[in-house]
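Here the structure comes first, spelled out in structure tokens, and everything after it is commentary.
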Amino acid sequence: MAKIKLGLLGAGRIGKMHAENIKRYFNDVAEIKAVADVFADKIYDWAKNLGIEKIYDDRRAIMEDKGIDAVLICSSTDTHCQFIIEAAQEKKHIFCEKPIDFDLEKIKTALTEVENSGVKLQIGFQRRFDHNFRKIKEMIQQGKIGDIHILKITSRDPEPPPIEYIKVSGGIFLDMTIHDFDMARFLTSSEVEEVFALGNVLVDKKIGEAGDVDTVVITLKFKNGALGVIDNSRKSVYGYDQRIEVFGNKGCLIAGNETLTNVVYNSSEGIISEKPKYFFIERYKDAYIEEMRAFIEAIVNDKDTPVTGLDGLEPVIIGLAAKKSIEEGKPIKIVR
């Protein structure tokens, strides 16, 4: 079978990582044929060193290239829906980073175009492919803990992003917590029916001045009766804090943080272990590889992608409800 030809839309940190992973791990079945980025001149050397043939500053060249089978949308969020629609109309399969958009109607329009075109769409919720979280999912499906009663997710970043990014990020719920909303749906196999969120500005007052909060606690009520709690912080001084606990009537599953090594130093002064891996690139390195493997395999084997457009829509619905909950100071029932 001929290699799958991919077009990369956006060559920032995430786009470059995906391209490098494809070159390193999937070069036998797929290759990046072209890249489009508004700062094409700044990525020229990187692209050439990776063996990418064509470098554009306009994505339309990629969309119109009949030799490109699929696109990886790693550009800014405000471009996602338009690029999805254009790719679907050109019959190209689509991998799109989260979130699809901040506007539900725009998302629904894009998903309708995908459905009508028959192309495949996968959304970039890489945490589903983390080996720890996948193991929890498998054990839940095996009935190890019975019916889920309580889900707890802790997700805390080591440093807040730049204020200029905060201003265009859609806010903490659509930028950061959106991963946790997806994980909540993934692990419980149930939709969220009600959200109650509390938030404050405790890390950096400039985040508040930008109209956002940096510290939140969210409670969730699921359709299957389970309850969930998510806590987020934009700054954890000890590193990227990523923990999950799922409690059921037959037991409990816990996934802790990953460290560079599992060495623990014991002395008369105390017991010391390493801090968690610094941030998402390090923590989810293997998960990013596995999500791209899943996308490529879906194309090669003509099967459904494991993270669908609906999986991209639902966390945005939950995120907007959480934002409304903070604004109104009350629980918000989700109406779909």
Side-chain angles (χ1 to χ4, degrees), residues 1-56 59 61-62 65 67-76 80 83 87 92-98 119-135 158 179 239-240 242 257-262 274 276-303 305-307:
M1 177 179 174
K3 284 186 179 182
I4 297 168
K5 300 296 193 297
L6 302 169
L8 176 63
L9 307 177
R13 177 170 53 176
I14 291 294
K16 286 180 177 177
M17 181 200 64
H18 284 312
E20 290 164 6
N21 283 344
I22 289 166
K23 178 72 172 181
R24 182 172 301 152
Y25 299 105
F26 308 113
N27 194 48
D28 57 331
V29 292
E31 66 177 330
I32 305 290
K33 181 182 179 183
V35 56
D37 191 282
V38 291
F39 301 108
D41 57 325
K42 295 183 179 180
I43 63 164
Y44 184 86
D45 291 341
W46 167 82
K48 285 301 180 182
N49 287 337
L50 210 62
I52 298 175
E53 296 176 13
K54 300 176 180 179
I55 305 161
Y56 305 112
R59 91 278 181 182
I62 288 179
D65 188 337
I68 291 179
D69 305 301
V71 295
L72 311 178
I73 301 176
C74 305
S75 48
S76 59
H80 289 181
F83 290 3
K92 300 184 190 304
H93 302 299
I94 305 157
F95 176 92
C96 182
E97 279 296 339
K98 66 79 194 170
V119 300
K120 301 181 189 302
L121 170 64
Q122 181 170 320
I123 305 303
F125 284 122
Q126 87 285 353
R127 294 185 192 179
R128 290 185 178 218
F129 300 89
D130 174 74
H131 65 111
N132 297 310
F133 302 159
R134 290 175 81 172
K135 183 64 175 179
H179 280 288
Y240 193 39
Q242 298 285 285
N257 284 314
E258 288 199 347
T259 57
L260 290 176
T261 74
N262 62 3
E274 292 197 44
K277 291 179 180 179
Y278 180 67
F279 212 180
F280 62 92
I281 294 292
E282 297 85 0
R283 170 63 180 81
Y284 292 112
K285 176 183 176 182
D286 292 337
Y288 281 114
I289 295 168
E290 292 306 311
E291 77 169 348
M292 194 53 59
R293 185 191 310 280
F295 179 60
I296 292 170
E297 288 182 350
I299 297 173
V300 170
N301 299 319
D302 191 21
K303 62 182 184 180
T305 60
V307 192

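Scanning all heavy atoms of the two residues, the minimum distance from Thr259 to Lys277 falls at O-CE, 3.7 Å. Residues Ala294 and Pro306 share a closest heavy-atom pair of CB-CG, 3.7 Å. The heavy-atom pair separating Ala287 from Phe129 by the smallest distance is O-CB, 3.6 Å. Taking each heavy atom of Gly7 and Ile62 in turn, the nearest pair found is CA-CG2, 4.0 Å.
Within a 6.0 Å radius of NZ in Lys48, other residues, nucleotides and ligands contribute more than 12 heavy atoms. Within 6.0 Å of OH on Tyr278 lie more than 12 heavy atoms contributed by other residues, nucleotides or ligands.
Taken to the nearest 0.5 Å, the CG atom of Leu260 stands 5.5 Å off from the CD atom of Glu274. With values rounded to the nearest 0.5 angstrom, Ile73 atom CD1 is found 14.5 Å from Ile14 atom CD1. Note that CD of Glu97 and CD of Gln122 are 10.0 Å apart. Values are rounded to the nearest 0.5 Å. Atom NZ of Lys5 is separated from atom CD of Glu53 by 8.0 Å, given to the nearest 0.5 angstrom. Separation of atoms NE2 (His179) and OH (Tyr284) is listed at 8.5 Å; rounding is to 0.5 Å. For the atom pair CG (Leu6) and CD1 (Ile68), the distance works out to 8.5 Å, reported to the nearest 0.5 Å.
Stacking of Arg283 on the aromatic ring of Phe133 is recorded, both the 6.0 Å distance cut-off and the 45° axial limit being met.
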**Item:** Worked check of side-chain contact (heavy atoms from CB on, under 4.5 Å) between Arg128 and Val307
**Value:** CA-CA 9 Å; Arg128 290 185 178 218; Val307 192; 3.8 Å; yes

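A donor-acceptor pair is defined here as one N or O able to donate and one able to accept, closer than 3.5 Å; such a pair exists between the side chain of Lys120 and the backbone of Lys303. Between the Lys33 side chain and the Leu8 main chain, no donor and acceptor come within less than 3.5 Å of each other. In this structure, Thr305 contributes its side chain and Phe295 its backbone to no donor-acceptor pair below 3.5 Å. Checking side-chain atoms of Asn257 against main-chain N and O of Gln242 turns up a donor-acceptor pair under 3.5 Å.
Counting heavy atoms from C-beta on, the side chains of Tyr288 and Asn21 come closer than 4.5 Å. Here the side chains of Asp65 and Lys54 are in contact, with some heavy-atom distance below 4.5 Å. Two residues are said to be in side-chain contact when any heavy atoms from C-beta on lie closer than 4.5 Å; Met17 and Ile281 meet this criterion. Counting heavy atoms from C-beta outward, Lys3 and Asn27 have side chains that approach closer than 4.5 Å. Inter-residue side-chain proximity for Asp69 and Ile299 is flagged as unmet; no heavy-atom pair is nearer than 4.5 Å. Taking 4.5 Å as the limit, every side-chain heavy atom of Leu50 sits out of range of all side-chain heavy atoms of Ile32. Between Lys16 and Ile43 there is a side-chain heavy-atom pair separated by less than 4.5 Å. The closest side-chain heavy-atom distance from Glu31 to Ile22 is not below 4.5 Å.
The only member of Met292, Glu291, Arg293 that meets side-chain contact (heavy atoms from CB on, under 4.5 Å) when paired with Ile289 is Arg293.
Note: Phe279 and Tyr240 meet the aromatic proximity criterion, with ring centroids under 6.0 Å apart. You'll find the ring centres of His18 and Phe95 inside the 6.0 Å limit.
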